[in-house]
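Here's the structure, in structure tokens; my notes come after.
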Amino acid sequence: MKVSLLTSGFPNGFTDDFVKCVKEYYLMTGSFVFIASDFSGYSKTDHYSDVILKMFRDKGIVFDEVHVIDDRISKEKAVQDIEEADVIWISGGNTLEQIKYLKQYNLLPALQSRDCIIIGMSAGSINMAKKVVLAKDIDDNIPELSIYDGIGLVDINIEPHLDSASKKHIEEDIYEASQVATIYGLYDNSFVKIVDDKMDIFGDYFKYENTGK
């Protein structure tokens with residue numbers, strides 16, 4: 001069963017709703033794969049993978065094996081880790097840089113073929129879309145509205161961290177993106193669950209769409 005969870009961020013640890021969703025599909029034994037956003041930023045990758053694993057442990061979720069994908073391993077090993085994973089985490093960070101690395105490592109076909117739990121956070125959630133419509137965000141190294149082929153897991157586009165977005169970013173940049181595709185703005189602690197094309201949204205969000213006006 002293909003389970004996609006698109007998250008914004010969990011500043012105070014995983015919410016009960018999120019944990020319930022994971023436990024619904026994860027049998028509490030298996031392999032966890034953490035995919036970096038910057039494949040050469042080892043210290044940041046190691047730090048955040050440790051943080052995420054601790055957040056799982058704090059909620060009683062443990063893994064038999066843990067693998068981190070960045071350029072410390074070969075492309076072949078990265079694909080193998082994905083093919084054997086029970087839970088895959090696509091991290092936050094630089095959105096455009098992350099999709100570049102994923103394509104360089106040819107990881108998209110392996111991710112698309114997996115019937116497991118795939119969780120994106122922030123940039124990782126954005127890049128899960130089939131066609132990414134990414135709002136301009138100068139403060140986040142996105143110089144202009146960007147449209148490109150994403151990982152190809154879901155049919156929706158999200159904008160994470162809506163609670164910390166500036167008024168200008170919301171009224172100008174996200175509005176511009178919403179004229180191309182509907183954008184789901186997620187607040188931290190909110191997330192989208194998509195299971196076999198059925199979508200549920202947990203927590204606060206705002207739907208930006210072209211109204212034709």
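Just so it is clear, the model here is predicted, and its values are computed rather than measured.
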(message) Test of understanding: with salt bridge (charged side-chain N to carboxylate O under 4.0 Å, His left out), list the residues that count as partners of Asp38, not counting sequence neighbours.
(response) none
(message) Quick check for you: to the nearest 0.5 Å, what is the distance between Ser91 atom OG and Tyr48 atom OH?
(response) 10.0 Å
(request) Using distance alone, with no hydrogens and no angle criterion, decide if Asp71 and Ser40 have a side-chain donor and acceptor under 3.5 Å apart. (result) no
(message) Name the residue from Ile174, Asn157, Thr182 that meets the side-chain contact (heavy atoms from CB on, under 4.5 Å) definition with Tyr208.
(response) Ile174
(message) Any donor-acceptor pair under 3.5 Å linking the side-chain atoms of His67 with those of Glu84?
(response) no
(request) Quick one: list whatever passes salt bridge (charged side-chain N to carboxylate O under 4.0 Å, His left out) with Glu176, sequence neighbours left out. (result) none
(request) For residues Gln98 and Ile90, determine if any side-chain heavy atom of one lies less than 4.5 Å from a side-chain heavy atom of the other. (result) yes
(request) Decide, yes or no, whether a salt bridge links Asp196 with Lys198 under the criterion of side-chain N to carboxylate O below 4.0 Å. (result) no
(message) Taking salt bridge (charged side-chain N to carboxylate O under 4.0 Å, His left out) as the cut-off, I'd like each qualifying pair that reaches into residues 89-117, sequence neighbours left out, listed once.
(response) Lys2-Asp115
Please tabulate, for side-chain N and O atoms in residues 116-126, each donor-acceptor pair with protein atoms closer than 3.5 Å (sequence neighbours left out).
{"unit_1": "Ser122", "atom_1": "OG", "unit_2": "His161", "atom_2": "NE2", "d": "2.8"}
{"unit_1": "Ser125", "atom_1": "OG", "unit_2": "Thr7", "atom_2": "N", "d": "2.9"}
{"unit_1": "Ser125", "atom_1": "OG", "unit_2": "Thr7", "atom_2": "O", "d": "2.9"}
{"unit_1": "Ser125", "atom_1": "OG", "unit_2": "Gly120", "atom_2": "O", "d": "2.8"}

(message) Per the side-chain hydrogen bond (donor to acceptor under 3.5 Å, both in side chains) rule, what does the pair list look like for residues 12-37, sequence neighbours excluded?
(response) Thr29-Asp64
(message) Do Glu172 and Lys167 have side chains that approach each other closer than 4.5 Å (heavy atoms only, starting at C-beta)?
(response) no
(request) Please confirm whether the backbone N or O of Gln104 pairs with a side-chain atom of Lys75, one donor and one acceptor, at under 3.5 Å? (result) yes
(request) Report the residue from Ile82, Leu107, Asp81 that forms a side-chain contact (heavy atoms from CB on, under 4.5 Å) with Ile88. (result) Ile82
(request) Using the six-membered ring wherever Trp is involved, compare the ring planes of Phe191 and Phe202 and label them parallel, tilted or perpendicular (cut-offs 30° and 60°). (result) parallel
(message) Tell me whether Ser113 contacts the main-chain N or O of Pro109 through its side chain, where contact means a donor paired with an acceptor under 3.5 Å.
(response) yes
With a cut-off of 3.5 Å and sequence neighbours excluded, list every side-chain donor-acceptor pair involving residues 138-153.
{"unit_1": "Ser146", "atom_1": "OG", "unit_2": "Glu144", "atom_2": "O", "d": "3.0"}
{"unit_1": "Tyr148", "atom_1": "OH", "unit_2": "Asn127", "atom_2": "OD1", "d": "2.7"}
{"unit_1": "Asp149", "atom_1": "OD1", "unit_2": "Lys131", "atom_2": "NZ", "d": "2.8"}

(request) Classify the angle between the aromatic ring planes of Tyr101 and Phe39 as parallel (below 30°), tilted (30 to 60°) or perpendicular (above 60°). (result) parallel
